[in-house]
A.B. asks: 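Once you've had a glance at the structure underneath, I'll fire off some questions.
Chain naming here is simple, since letters A, B, ... match the order of the sequence lines and numbering starts at 1 in each.
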Amino acid sequence: MPDSQTLSAKIRPLDRAFFSRDPRRVARELLGKVLVRDAGRKRRTARIVEVEAYLGEKDPAAHSAAGNTARTSVLFGPPGHAYVYFIYGNHYCLNVSCEPAGQAGGVLFRALEPLTGVEEMARDRGLEIHDPKNPAINDLIKLTSGPGRLSEAFAITRVRDNGCDLTSSASSLWIGEEIGDDRYRARGIRTSRRIGITKAVDKPWRYFLNGNPFVSRVPAKWRLSE
DNA sequence: ATATCGATTATCT
DNA sequence: GATAATCGATATG
């Protein structure tokens, strides 16, 4: 049996209650979990290593600060659904809605560690894996280290995925957990300011796995894990 | 290692 | 009309 299937058999979707909470709590606990894309012949999976929490209407940096509009309605809907937006005329970014229906909040996916379907990711990124049998880490980092990059690697677009239920393995895109996957948090979780925003810049609501090489924009002094 | 810039469009003021 | 939850390329120290 191919590796991708032995691995996928151990993954089960997170339930909706997981996401029906404060985005800061959800963000922290998403680290080490797995994003799954079921499309085409080969399943793509990657471990979640960096996320950011965006609170509801009271967080000036959140898209939901503008209120419940056509663009942000998913953030105000039931938890566990994909909020996908297009930014800078170039990139899609993936979030999962949090808090109970009626209350806004979400978590932005900022970086993943590729596990399976690596060649499919490379194809959609327009990149080449030098040695597909034994990919160099520098090749893998370019696939999913950054919110725009990971969206492209998972072929995520607004038309295809906005509003998708991420708690169902029947969806083409979903979030799963494995037994004992909290061990990926054993080296610790770091926090920092959120990236690329101009409002509420002081809030430390970016979360990432300490020492993980797939995390984007790590300050030089943190480059080596402690 | 850090800084700056262009690409390109949805959304809001 | 300005800005944006980014990326990749180029320039500079």
Side-chain angles (χ1 to χ4, degrees), chain A residues 19 22-24 26-28 30-31 35 46 48-76 81-99 104-112 114 121-130 138-164 166 173 175 190-208 213-224:
Chain A
F19 299 101
D22 187 304
R24 291 167 291 194
V26 176
R28 209 173 251 285
L30 273 177
L31 295 175
L35 183 67
I48 300 165
V49 303
E50 177 188 350
V51 291
E52 282 176 357
Y54 287 87
L55 277 49
E57 292 171 276
K58 60 184 179 296
D59 178 1
H63 290 178
S64 46
N68 188 342
T69 66
R71 181 200 199 191
T72 61
S73 63
V74 174
L75 291 172
F76 288 83
H81 289 257
Y83 167 57
V84 179
Y85 66 90
F86 189 61
I87 191 69
Y88 296 117
N90 278 289
H91 307 288
Y92 291 98
C93 293
L94 171 69
N95 300 249
V96 57
S97 61
C98 299
E99 303 281 17
V107 172
L108 169 70
F109 289 70
R110 281 202 55 93
L112 308 173
M121 296 184 201
R123 189 195 61 216
D124 280 336
R125 290 274 295 118
L127 299 174
E128 193 179 352
I129 304 281
H130 186 249
N138 288 328
D139 284 346
L140 295 178
I141 285 173
K142 289 186 211 135
L143 297 180
T144 53
S145 184
R149 286 172 167 182
L150 73 87
S151 296
E152 191 170 48
F154 273 66
I156 292 166
T157 66
R158 183 170 170 177
V159 167
R160 191 150 39 214
D161 300 306
N162 193 47
C164 174
L166 299 178
L173 188 67
I175 304 169
R190 283 199 176 277
T191 65
S192 78
R193 295 177 170 196
R194 294 173 292 182
I195 308 289
I197 58 170
T198 58
K199 297 167 189 162
V201 293
D202 54 309
K203 304 297 185 187
W205 294 339
R206 174 178 179 239
Y207 305 84
F208 55 96
F214 294 89
V215 172
S216 71
R217 305 206 207 181
V218 185
K221 60 179 184 176
W222 293 353
R223 208 64 57 90
L224 298 176

A.B. asks: State which of dC7(C), dT9(B), dA5(C) makes the closest approach to the side chain of Arg125(A).
C.D. replies: dC7(C)
A.B. asks: Under a 3.5 Å distance rule, please check whether Arg125(A) uses its side chain to pair with a backbone N or O of Leu143(A) as donor and acceptor.
C.D. replies: yes
A.B. asks: Pull out every residue in residues 57-72 of chain A that has a heavy atom closer than 4.0 Å to any atom of DNA chain B, ordered by number, or say none.
C.D. replies: Thr69(A), Arg71(A)
A.B. asks: Rounded to the Å, how far apart are Tyr92(A) OH and dT9(B) C1'?
C.D. replies: 10 Å
A.B. asks: Flag the pair Asn162(A) / Tyr83(A) as yes when at least one side-chain heavy-atom distance between them is below 4.5 Å, and no otherwise.
C.D. replies: yes
A.B. asks: Please tell me which of the listed nucleotides, dA4(C), dA10(B), dA7(B), lies nearest to the side chain of Asn90(A)?
C.D. replies: dA7(B)
A.B. asks: Please confirm whether the shortest side-chain N or O distance from Thr198(A) to OP1 or OP2 of dA4(C) is below 4.0 Å.
C.D. replies: yes
A.B. asks: Assess whether a salt bridge exists between Asp59(A) and Arg194(A), defined as any Lys/Arg side-chain N lying under 4.0 Å from an Asp/Glu carboxylate O.
C.D. replies: yes
A.B. asks: Between Tyr54(A) and dA5(C), do the rings stack, that is, sit under 5.5 Å apart with planes less than 30° off each other?
C.D. replies: yes
A.B. asks: Heavy atoms only, 4.0 Å cut-off, all strands: where does Arg193(A) land among base, sugar-phosphate and nothing?
C.D. replies: nothing
A.B. asks: Within this structure, what is the CG-to-P distance between Leu94(A) and dT6(C), rounded to whole angstrom?
C.D. replies: 14 Å
A.B. asks: When you check the phosphate oxygens OP1 and OP2 of dA5(C), does a side-chain N or O of Arg217(A) lie under 4.0 Å from one of them?
C.D. replies: no
A.B. asks: Can you tell me which stems DNA chain B forms when a stem means 3 or more consecutive Watson-Crick or G-U pairs under 3.5 Å?
C.D. replies: B:1-7 with C:6-12, B:9-12 with C:1-4
A.B. asks: Under 3.5 Å, is there any donor-acceptor pair linking the side chain of Tyr85(A) to the base of dA5(C)?
C.D. replies: yes
A.B. asks: Given 3.5 Å as the limit, does a donor-acceptor pair link the side chain of Ser151(A) with the main chain of Tyr92(A), or not?
C.D. replies: yes
A.B. asks: Which part of the nucleic acid, if any, lies within reach of Ile195(A) when heavy atoms closer than 4.0 Å are counted: base, sugar-phosphate only, or nothing?
C.D. replies: sugar-phosphate
A.B. asks: Of the residues in residues 140-159 of chain A, which ones touch DNA chain C at a heavy-atom distance under 4.0 Å?
C.D. replies: Gly146(A), Pro147(A), Gly148(A), Arg149(A)
A.B. asks: Looking at side-chain heavy atoms only, is the closest gap between Pro23(A) and Trp205(A) below 4.5 Å?
C.D. replies: no
A.B. asks: Distance-only, no hydrogens or angles: does the Glu52(A) side chain make a donor-acceptor pair with backbone N or O of Ile195(A) under 3.5 Å?
C.D. replies: yes
A.B. asks: Which whole-number value in Å describes the distance from Tyr88(A) OH to dC7(C) C1'?
C.D. replies: 10 Å
A.B. asks: Report yes if the side chains of Ser64(A) and Phe76(A) come closer than 4.5 Å at any heavy-atom pair, otherwise no.
C.D. replies: yes
